Amino acid sequence: RASELAAPLARVGYEVDAFGKTSLAIKAVPGSLRHGDPATLLRALLEHEEGDLVDRALAEIACHSVARAGDPLSASEAESLLRGLDGVDESVPNPHGRPVLLRLPLAEIARRFGR
């Protein structure tokens with residue numbers, strides 16, 4: 001089983017080798033992970049048998065590689081993040097079911113800033 005996982009995991013940035021029948025030797029992890037431990041993420045992916053491993057891995061990596069509230073961002077990273085929102089369909093929630101964008105009336109924004 002372990003040897004069968006090398007190819008699908010390579011497609012999402014993990015480099016692994018079979019280390020016996022049921023163990024993997026991790027040689028490289030996805031470089032885009034900003035949050036979480038890559039080994040813990042890999043274990044969680046492998047514990048759940050349902051669904052396509054690559055699809056599940058891509059969803060998890062996407063979740064753990066995004067900027068979150070409180071993360072320091074350079075000016076260019078912040079600008080890139082805002083530009084990326086231009087093409088987002090606001091009616092589609094994020095993978096956790098939460099909205100990606102919120103529409104607030106100008107009066108509500110002013111109220112929140114004490115105006």
Side-chain angles (χ1 to χ4, degrees):
R1 166 98 172 114
S3 61
E4 298 169 10
L5 296 172
L9 289 172
R11 291 180 51 203
V12 296
Y14 281 96
E15 184 182 327
V16 299
D17 287 333
F19 192 71
K21 289 183 180 181
T22 60
S23 297
L24 295 171
I26 301 171
K27 307 240 178 185
V29 298
S32 60
L33 293 177
R34 291 174 70 128
H35 301 280
D37 174 44
T40 302
L41 174 60
L42 181 59
R43 263 189 227 98
L45 287 169
L46 298 176
E47 285 175 2
H48 302 290
E49 293 292 326
E50 72 280 350
D52 179 53
L53 176 64
V54 172
D55 287 345
R56 286 186 290 121
L58 289 173
E60 287 293 324
I61 290 167
C63 185
H64 290 275
S65 63
V66 298
R68 295 182 180 171
D71 283 353
L73 298 175
S74 69
S76 64
E77 287 173 316
E79 183 177 339
S80 176
L81 183 62
L82 291 172
R83 285 189 192 281
L85 286 173
D86 287 342
V88 170
D89 179 357
E90 61 191 69
S91 67
V92 177
N94 75 9
H96 301 291
R98 296 183 212 114
V100 175
L101 297 172
L102 295 173
R103 284 189 183 268
L104 296 175
L106 191 55
E108 175 68 11
I109 295 171
R111 184 188 69 75
R112 290 184 184 210
F113 281 95
R115 303 265 177 193

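Just so we're clear, the structure is a prediction, and the values are computed from it rather than from any experiment.
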Using the side-chain contact (heavy atoms from CB on, under 4.5 Å) criterion, which residues pair with [X]? Sequence neighbours excluded.
X: Leu106; answer: none
X: Asp86; answer: none
X: Ser74; answer: Ser76, Glu77
X: Leu82; answer: Leu85

> Among all residues two or more places apart in sequence or in another chain, which pass the side chain to side chain donor-acceptor pair (under 3.5 Å) test with Arg98?
Replying inline: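 Here no residue qualifies.
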
Each residue besides Leu104 in its hydrophobic cluster should be listed here, by chain and number; the cluster joins Ile, Leu, Val, Met, Phe, Trp and Tyr at side-chain heavy-atom distances under 4.5 Å.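 Once heavy-atom contacts under 4.5 Å are chained together, Leu104 belongs with Ile109, Phe113.
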
Query raised in the report: What do the steps show when you test Phe19 against Leu24 for side-chain contact (heavy atoms from CB on, under 4.5 Å), and what is the final call?
Result: CA-CA 5 Å; Phe19 192 71; Leu24 295 171; 5.8 Å; no

Correct closest heavy-atom pair for Val100 and Val88 would be CG1-CG1, 3.8 Å

